[in-house]
Amino acid sequence: MSDKFKILYVDDENQNLVSFSANFRKVYDIYTATSVDEAYVLLKDEHIPIIISDLRMTLMTGVEFLEKTVKLY
């Protein structure tokens, strides 16, 4: 079990996810999702206390996603 902080980054632009992971993977356990649906699958199975989200995504805004996530988890 890792003692690193877990971070989930949700962005519909994969290159942003790749860059973020490459920069922070040594310090944090990085989880990425290209959609809110992918993010909810991850959150269902993992307790991830830190979430970063793109503002403009296809199904909902980042703010809507975070508001819904707070209520669910």
Side-chain angles (χ1 to χ4, degrees):
M1 184 170 166
S2 175
D3 58 348
K4 297 184 214 176
F5 283 104
K6 294 179 182 179
I7 298 175
L8 170 60
Y9 181 25
V10 184
D11 193 329
D12 56 356
E13 294 184 34
N14 193 54
Q15 187 55 44
N16 292 342
L17 301 174
V18 170
S19 297
F20 183 84
S21 294
N23 282 302
F24 295 105
R25 65 184 160 77
K26 292 181 180 178
V27 180
Y28 303 103
D29 282 336
I30 304 297
Y31 296 79
T32 60
T34 57
S35 70
V36 294
D37 292 334
E38 272 185 54
Y40 287 130
V41 169
L42 286 169
L43 290 169
K44 182 178 153 190
D45 296 331
E46 287 285 336
H47 173 73
I48 306 173
I50 301 170
I51 301 172
I52 300 169
S53 177
D54 184 23
L55 180 59
R56 295 184 187 122
M57 295 184 289
T58 53
L59 295 178
M60 63 178 70
T61 68
V63 173
E64 292 168 333
F65 164 68
L66 293 171
E67 287 175 339
K68 184 176 178 183
T69 301
V70 167
K71 290 176 185 173
L72 292 173
Y73 301 99

What's the shortest heavy-atom distance between [X] and [Y], and which atoms?
X: F65; Y: M57; value: CB-CE, 4.3 Å
X: T34; Y: E38; value: OG1-OE2, 2.5 Å
X: V10; Y: A39; value: CG2-CB, 3.7 Å
X: L42; Y: A33; value: CD1-CB, 4.3 Å

Nearest 0.5 Å, what's the [atom1]-[atom2] distance between [X] and [Y]?
X: T58; Y: D12; atom1: OG1; atom2: CG; value: 5.5 Å
X: S19; Y: N14; atom1: OG; atom2: CG; value: 9.5 Å
X: L8; Y: T32; atom1: CG; atom2: OG1; value: 8.0 Å
X: Y9; Y: I30; atom1: OH; atom2: CD1; value: 11.0 Å

(message) Students often mix this up, so state it plainly: with edges at 30° and 60°, are the rings of Y40 and Y73 parallel, tilted or perpendicular?
(response)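 Y40 and Y73: parallel rings.
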(message) I'd like to know whether I51 forms a side chain to side chain contact (heavy atoms under 4.5 Å, CB included) with L43, so could you lay out the CA-CA distance, the side-chain angles of the two residues, the decisive distance to 0.1 Å, and finally the verdict.
(response) CA-CA 10 Å; I51 301 172; L43 290 169; 4.1 Å; yes
(message) Under 4.5 Å between side-chain heavy atoms, counting indirect links through other Ile/Leu/Val/Met/Phe/Trp/Tyr residues: same cluster for L66 and V70 or not?
(response)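 The answer is no; the residues belong to distinct hydrophobic clusters.
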(request) Indicate if F20 and I50 have the same hydrophobic cluster label, given that clusters are the connected sets of ILVMFWY residues with side-chain heavy-atom separations under 4.5 angstrom. (result) yes
(request) List in chain and number order the residues that pass side chain to side chain contact (heavy atoms under 4.5 Å, CB included) with E46, two or more places apart in sequence or in another chain; answer none if no residue qualifies. (result) K6, Y31, I48
(request) Under the side chain to side chain contact (heavy atoms under 4.5 Å, CB included) rule, what do L55 and V63 come out as? Steps first, then yes or no, please. (result) CA-CA 7 Å; L55 180 59; V63 173; 3.8 Å; yes
(message) Using only atom types and a distance under 3.5 Å, with no angle test, would you say the side chain of K4 pairs donor to acceptor with the backbone of R25?
(response) yes
(request) Evaluate whether atom OH of Y28 has more than 12 neighbouring non-hydrogen atoms of other residues, nucleotides or ligands under 6.0 angstrom away. (result)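 It does not: Y28 OH has 12 such atoms or fewer within range.
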(request) Using a 4.5 Å cut-off on heavy atoms from C-beta on, say whether the side chain of D37 contacts that of L59. (result) yes
